[in-house]
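What follows is one structure encoded as structure tokens, with my remarks underneath.
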Amino acid sequence: MENIRCGWCEKDDLYRKYHDEEWGRPVYDDETIFEFLILESFQAGLSWYTILSKRENFRNAFDHFDYKKVASYSEKKIEELMNNSGIIRNRLKILAAVTNAQRFMEVQKEFGSFSSYIWSFTGGKPINNRPEKLSDVPATTEISDLISKELKKRGFKFVGSTVIYAHMQATGMVNDHIKDCFTRK
């Protein structure tokens, strides 16, 4: 008997693997949270599949998502990224990655970890939705609106509510697997 999955991931094996092994699973380490922050901000206006298919290229281009290194990128490194055909070459998004790494570390200093800060919006636990079907899954929520607003106040870029809700799904802050999806069991 075949596993029932959320319909969005049936495009190919890359999508299925991401769905089965990562999406909606709680992440509490700052390194992975930062990785998804970078990836989700690059997704703005694009499909997640586009980003996921370039994930390894992003990993290599952005020093394995080492936020300390990203925070100190020079203009030379930014130009190198702008010439890297393996990633999304959008100057504003690249500059946002540098800014977000800097702000990320400021939040870490204030709260001990970025994870502590971001998870405080959900009381440290995942929000466990049980959508019947994919169309029941929202693009934003009051919590993603609030997080977006708070991050923007702190100087983060490309962190609109839709990006933040996708980040919450990716890092398991919210579980939007449909109720019959095998990953719920």
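Position 1 is the first residue of the sequence; numbering continues from there.
- Under the side-chain contact (heavy atoms from CB on, under 4.5 Å) rule, Lys93 has a single partner from Ile38, Leu46, Asn100, which is Leu46.
- In this structure, Arg25 and Asn175 have side chains that are not in contact, with every pair of non-hydrogen atoms separated by 4.5 Å or more.
- Look at Glu56 and Arg59 and you find a salt bridge, because one of the NZ, NE, NH1 or NH2 atoms lies within 4.0 Å of a carboxylate O, short of that distance.
- For the pair Met82 and Asn90, the tightest heavy-atom approach, listed with the atom from each and the gap, is SD-C, 4.0 Å.
- The number of heavy atoms from other shown groups lying within 6.0 Å of CD (Glu75) is above 12.
- Remark: Phe34 pairs with Tyr67, Phe104 by the ring pair (Phe, Tyr, Trp, His ring centres under 6.0 Å) rule, at least two apart or across chains.
- The main-chain N or O of Pro131 is never found under 3.5 Å from a side-chain atom of Asn129 such that the two would form a donor-acceptor pair.
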task: Check step by step if salt bridge (Lys or Arg N to Asp or Glu O under 4.0 Å) holds for Arg154 and Glu110.
output: CA-CA 12 Å; Arg154 291 177 175 277; Glu110 185 177 343; 2.9 Å; yes
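- No chain of hydrophobic side-chain contacts below 4.5 Å, direct or via other Ile, Leu, Val, Met, Phe, Trp or Tyr residues, connects Val163 to Val70.
- Formation of a donor-acceptor pair under 3.5 Å by the Arg103 side chain with backbone atoms of Gly155 is not found in this model.
- Counting only N and O atoms by type, the side chains of Ser161 and Asp145 include a donor and acceptor under 3.5 Å apart.
- For the pair Val137 and Trp8, the minimum side-chain heavy-atom distance is 4.5 Å or more.
- Interatomic distance, Leu151 CG to Ser41 OG, rounded to the nearest 0.5 Å: 11.5 Å.
- Across all non-hydrogen atoms, the minimal contact from Cys9 to Arg16 is O-CG, 3.3 Å.
- A donor-acceptor contact closer than 3.5 angstrom is absent between the side chains of Thr162 and Thr140.
- A cation-pi arrangement is absent between Lys54 and Phe58, since the terminal nitrogen or guanidinium carbon is not both under 6.0 Å from the aromatic centre and inside a 45° cone about the axis.
- Nearest heavy atoms, Ala166 versus Gln43: CB-OE1, 4.3 Å.
- Enclosure of atom NZ in Lys157 is not indicated, since only 12 or fewer non-hydrogen atoms of other residues, nucleotides or ligands lie within 6.0 angstrom.
- Using modelled atom types, no side-chain atom of Ser148 and backbone atom of Ser144 make a donor-acceptor pair closer than 3.5 Å.
- Between Arg130 and Asn128, some side-chain heavy-atom pair lies under the 4.5 Å cut-off.
- Taking CD1 of Ile88 as the start and CG of Leu81 as the end, the distance is 12.5 Å to the nearest 0.5 Å.
- The two residues Ala97 and Phe42 come nearest to each other via the heavy atoms CB-CE1, 4.3 Å.
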query: Would Asp12 and Tyr49 count as a side-chain hydrogen bond (donor to acceptor under 3.5 Å, both in side chains) if you check the C-alpha gap in whole Å, the side-chain angles of each, and the deciding distance to 0.1 Å?
result: CA-CA 10 Å; Asp12 67 10; Tyr49 188 80; 2.2 Å; yes
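- Nearest approach of Asp176 to Pro138, heavy atoms of both residues: OD2-CD, 4.5 Å.
- In terms of modelled atom types and a separation under 3.5 Å, the side chain of Asn57 and the main chain of Ile87 share no donor-acceptor contact.
- Side-chain heavy atoms closer than 4.5 Å link hydrophobic residues (I, L, V, M, F, W, Y) into clusters, and following such links, possibly through other members, connects Met105 to Tyr28.
- Applying the ring pair (Phe, Tyr, Trp, His ring centres under 6.0 Å) test to His177 and every residue at least two apart in sequence or in another chain returns His19, Trp23.
- Between Ile94 and Ile78, the shortest heavy-atom contact is CG2-CG2, 4.0 Å.
- Applying the side chain to side chain donor-acceptor pair (under 3.5 Å) rule to Ser47 yields the partners Thr50; only residues at least two apart in sequence or on another chain are considered.
- Between Leu37 and His167, the closest side-chain pair of non-hydrogen atoms falls below 4.5 Å.
- Between Arg91 and Glu79, at least one side-chain N (NZ, or NE/NH1/NH2) sits under 4.0 Å from a carboxylate O, which counts as a salt bridge.
- In terms of modelled atom types and a separation under 3.5 Å, the side chain of Gln102 and the main chain of Ala71 share a donor-acceptor contact.
- Once rounded to the nearest 0.5 Å, the distance linking CD of Glu35 with CG of Asp66 reads 12.0 Å.
- Under the 4.5 Å side-chain heavy-atom criterion for grouping Ile, Leu, Val, Met, Phe, Trp and Tyr, Ile118 is connected to Leu146 within one hydrophobic cluster.
- The side-chain heavy atoms of Tyr165 and Ile147, taken from C-beta on, include no pair separated by under 4.5 Å.
- Side-chain contact, Thr32 with Asp29: a donor N or O sits under 3.5 Å from an acceptor N or O.
- The side chain to side chain contact (heavy atoms under 4.5 Å, CB included) search around Glu22 returns Tyr18, Phe36, Arg55, not counting sequence neighbours.
- Not a single ring pair (Phe, Tyr, Trp, His ring centres under 6.0 Å) links Phe158 to another residue, sequence neighbours left out.
- Note that the CD1 atom of Ile4 and the CD1 atom of Ile178 stand 7.0 Å from one another [nearest 0.5 Å].
- Distance alone, capped at 3.5 Å, places no donor-acceptor pair between the Asn83 side chain and the Glu80 backbone.
- With rounding to the nearest 0.5 angstrom, the CD1 atom of Ile33 is 7.5 Å from the OG atom of Ser113.
- Between Trp48 and Tyr15, the distance separating the two ring centers is not shorter than 6.0 angstrom.
- Taking 4.5 Å as the limit, some side-chain heavy atom of Met173 sits within range of a side-chain heavy atom of Trp119.
- Legend: residues meeting ring pair (Phe, Tyr, Trp, His ring centres under 6.0 Å) with Tyr117, ordered by chain and number and at least two apart, are Phe111, Phe114, Phe121.
- Salt-bridge formation is not detected for the pair Asp20/Lys17: no Lys NZ or Arg NE/NH1/NH2 atom is positioned less than 4.0 Å from an Asp or Glu carboxylate oxygen.
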